[in-house]
Amino acid sequence: MDTDVIVVGAGPTGLLLAGDLATAGARVTVLEKRPAGLSNLTRAFAVHARSLEVLDARGLADELLPQGTPVRSLRLLQRLTLDLGDLPSRFGYVLIAPQYEVERLLRRRAEAAGAVFRHDTAVTGLTQDDDGVTVTAADGSTVRGAYLVGTDGSRSTVREAVGIPFPGHAVIRSMVLADVRLARRPDDVLTVAAENDSLGFLAPFGDGWYRFIGWHGNRDVGEDVPVDLDEVRAVARATLHDDYGMTEARFLSRFHADERQAPTYRAGRVLLAGDAAHVHSPAGGLGMNTGLQDAANLGWKLAAGLRLPAGARDALLDSYEAERHPVGRQVLRVSGGILRIATIPGPVAAAARRAVVGAVSHVAPVRRRAALTVSALGVAYRRPRGAHPLVGSRARDLPLEGGTRLAEALRAGRFVLVAPAGAPAADLPAALGEVDRAERVEARRTDGGATTLLVRPDGYVAGAD
């Protein structure tokens with residue numbers, strides 16, 4: 001073997017996964033077809049609360065915060081705003097920060113942990129056998145590893161090579177994307193409009209440039225048709241009702257948004273994560289966030305699986321799909337629902353919009369559930385029959401003895417056994433088998449809670465008593 005795990009794709013999902021694996025002691029090689037350096041192809045700007053918790057558990061959140069702007073209310077539809085200030089998290093907001101800032105921190109962490117990067121390396125094929133996976137690159141070179149994870153986007157070469165289908169369809173065509181300078185600054189950090197067959201999004205890079213993404217149903221042309229600044233201005237006026245004096249453009253493009261999900265995330269020793277496994281509309285800003293959380297779930301399982309016998313290893317890796325596939329399906333429903341309610345014209349759609357806005361705006365439980373769903377703080381995994389009710393739920397960032405927090409204890413990449421102050425550490429049964437008890441860190445909670453928790457490296461409860 002040249003390496004333990006091959007990661008194809010150096011976007012946020014692949015970078016977080018590579019860092020987690022390398023931190024756990026696995027040999028990791030990342031193959032990326034793009035040249036080294038920050039990419040202007042970033043589309044993600046929203047880092048939601050659960051993703052900030054994931055970054056916090058890796059010591060990166062506090063460094064990312066100054067690179068973005070926290071927004072404590074998120075507008076999803078016209079006249080519908082979600083208040084995020086009451087979220088049960090250290091991060092009661094969505095951070096507006098360009099994707100390349102997230103990638104920069106994750107790349108540095110992965111390299112420091114020992115991950116090896118090979119850029120300008122386009123994967124053209126792969127073969128697998130009972131012992132490993134061999135990847136062939138465009139330059140004729142090969143890399144062999146025990147496992148391979150495809151994090152190479154919606155047009156995943158890895159997914160196609162192992163024959164996993166990607167059913168779905170395009171939900172928006174001929175979206176325009178542009179990096180522009182503005183003569184007038186918008187009133188809000190994040191400017192969003194979605195109504196009456198149109199969609200507009202405007203967010204700052206933080207260096208004087210803004211990213212605009214827009215779609216107007218009256219304009220449907222092929223992706224090969226060039227985009228100019230006049231068209232971008234026109235779409236901005238149609239969607240945001242203002243072009244803010246757009247002047248210079250450094251990047252112009254046209255693309256479409258799909259709703260697709262792979263029916264399985266695993267084919268033997270090959271796994272999928274992020275956009276290679278699921279893609280959806282940009283509504284809600286859920287794409288990068290879902291991929292980061294895929295990686296957090298898979299990383300510790302794959303690292304542990306390298307040390308386990310075949311039966312236990314396969315059961316652990318199968319739990320990745322069992323837990324994350326339903327989450328991907330929910331994200332498609334949520335983003336697709338927001339988009340359809342916002343953009344479908346006609347009186348029936350208008351009535352549905354009013355009903356949704358009314359329910360979310362005026363019914364507190366519905367409003368709270370919507371905020372938990374969009375932020376991903378409400379994601380929980382199915383617990384085994386008879387298990388403690390907390391098993392499978394996200395662990396709160398508990399205060400610990402010594403003035404630390406659970407997120408800080410998780411930075412070692414191990415399980416954390418959190419017992420009440422002054423109580424002996426119990427030997428808890430674990431939901432996913434003996435691996436959950438290996439190499440654990442022990443800590444004492446200081447919030448007065450009486451429950452002992454065994455917390456997985458991804459921040460979810462594996463056992464409780």
Side-chain angles (χ1 to χ4, degrees), residues 1-34 110 113-166 262-278 291 294-325 435:
M1 298 291 175
D2 301 309
T3 189
D4 293 324
V5 181
I6 303 167
V7 177
V8 180
T13 303
L15 292 172
L16 190 141
L17 179 64
D20 282 5
L21 289 166
T23 298
R27 296 177 301 157
V28 185
T29 299
V30 181
L31 306 181
E32 171 56 56
K33 64 181 179 182
R34 297 176 300 175
V116 175
F117 286 80
R118 287 181 50 180
H119 284 269
D120 296 302
T121 304
V123 171
T124 56
L126 64 88
T127 59
Q128 62 173 313
D129 52 43
D130 291 342
D131 299 318
V133 185
T134 301
V135 171
T136 304
D139 61 5
S141 63
T142 61
V143 182
R144 182 165 172 80
Y147 287 92
L148 181 147
V149 183
T151 63
D152 50 340
S154 61
R155 300 177 180 178
S156 171
T157 300
V158 171
R159 187 187 62 242
E160 293 179 0
V162 295
I164 296 178
F166 207 38
T264 180
Y265 289 2
R266 183 183 178 198
R269 289 178 172 269
V270 177
L271 300 104
L272 304 175
D275 286 354
H278 46 74
D294 285 347
N297 184 288
L298 177 58
W300 71 267
K301 295 175 180 178
L302 194 50
L306 293 169
R307 305 188 297 268
L308 292 173
R313 176 180 65 233
D314 286 340
L316 188 60
L317 293 181
D318 285 344
S319 74
Y320 162 65
E321 178 182 315
E323 292 183 342
R324 293 304 300 175
H325 196 279
V435 66

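Residue numbers start at 1 and run along the sequence shown.
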*Measuring from Leu126:CG to Glu160:CD, what's the distance to the nearest 0.5 Å?*
11.0 Å
*side-chain contact (heavy atoms from CB on, under 4.5 Å) between Leu272 and Val149: does it pass, once the steps are laid out?*
CA-CA 6 Å; Leu272 304 175; Val149 183; over 6 Å; no
*What are the two closest heavy atoms between Ala295 and Leu16, and how far apart are they?*
CB-CD2, 3.6 Å
*Decide side-chain contact (heavy atoms from CB on, under 4.5 Å) for Val116 and Val30; before the verdict, give the C-alpha distance in whole Å, the side-chain angles of both, and the deciding distance to 0.1 Å.*
CA-CA 6 Å; Val116 175; Val30 181; over 6 Å; no
_To the closest 0.5 Å, what do you measure between CD (Glu32) and CZ (Arg118)?_
12.5 Å
*Spatial distance of atom CG (Leu302) from atom CG (Leu17) [nearest 0.5 Å]*: 7.0 Å
*Is any NZ, NE, NH1 or NH2 atom of the basic residue among Arg144 and Asp131 found under 4.0 Å from an Asp or Glu carboxylate oxygen of the other?*
no
*asked:* Rounded at 0.5 Å granularity, tell me how far CG in Asp275 sits from CG in Asp152.
replied: 10.0 Å
*Cation-aromatic face contact Arg159/Phe166, 6.0 Å, 45 degrees*: yes
*Kindly give the heavy-atom pair with the smallest separation between Arg34 and His119, and that separation in Å.*
O-ND1, 3.0 Å
_When you measure from the side chain of Asp4 to the backbone of Ala26, do you find a donor-acceptor pair of N or O atoms at a distance under 3.5 Å?_
no
*Inspect the surroundings of CG in Asp130 and state if more than 12 heavy atoms from other residues, nucleotides or ligands are less than 6.0 Å away.*
no
*Do Phe117 and Leu31 touch side chain to side chain, with heavy atoms closer than 4.5 Å?*
no
_I'd like to know whether Thr134 forms a side-chain contact (heavy atoms from CB on, under 4.5 Å) with Val143, so could you lay out the CA-CA distance, the side-chain angles of the two residues, the decisive distance to 0.1 Å, and finally the verdict._
CA-CA 6 Å; Thr134 301; Val143 182; over 6 Å; no
_Side-chain touch Arg27/Met1, heavy atoms, less than 4.5 angstrom_ = yes
*Residue pair Val270 / Val158, side-chain heavy-atom distance below 4.5 Å*: yes
_For Arg266 and Asp314: C-alpha separation, side-chain torsions, deciding distance, then whether side-chain contact (heavy atoms from CB on, under 4.5 Å) applies._
CA-CA 11 Å; Arg266 183 183 178 198; Asp314 286 340; 2.9 Å; yes
_Using only atom types and a distance under 3.5 Å, with no angle test, would you say the side chain of Thr151 pairs donor to acceptor with the backbone of Val8?_
yes
*Inter-residue atom distance Tyr265.OH - Arg324.CZ, 0.5 Å rounding*: 8.0 Å
*Starting from the C-alpha separation in whole Å, work towards a yes-or-no answer on side chain to side chain donor-acceptor pair (under 3.5 Å) for Glu321 and Thr264.*
CA-CA 7 Å; Glu321 178 182 315; Thr264 180; 2.6 Å; yes
*Approximate separation, where rounding is to 0.5 Å, of Tyr147 OH and Leu21 CG*: 12.0 Å
*Check against salt bridge (charged side-chain N to carboxylate O under 4.0 Å, His left out), Asp20 and Lys301*: CA-CA 10 Å; Asp20 282 5; Lys301 295 175 180 178; over 6 Å; no
*So which of Ile6, Thr29, Val5, Leu271 actually passes side chain to side chain contact (heavy atoms under 4.5 Å, CB included) with Leu148?*
Ile6
*Is a salt bridge present between Lys33 and Asp120, judged by a nitrogen-to-oxygen distance below 4.0 Å?*
no
*Return yes if some donor-acceptor pair links the side-chain N/O of His278 with the main-chain N/O of Ser154 below 3.5 Å, else return no.*
no
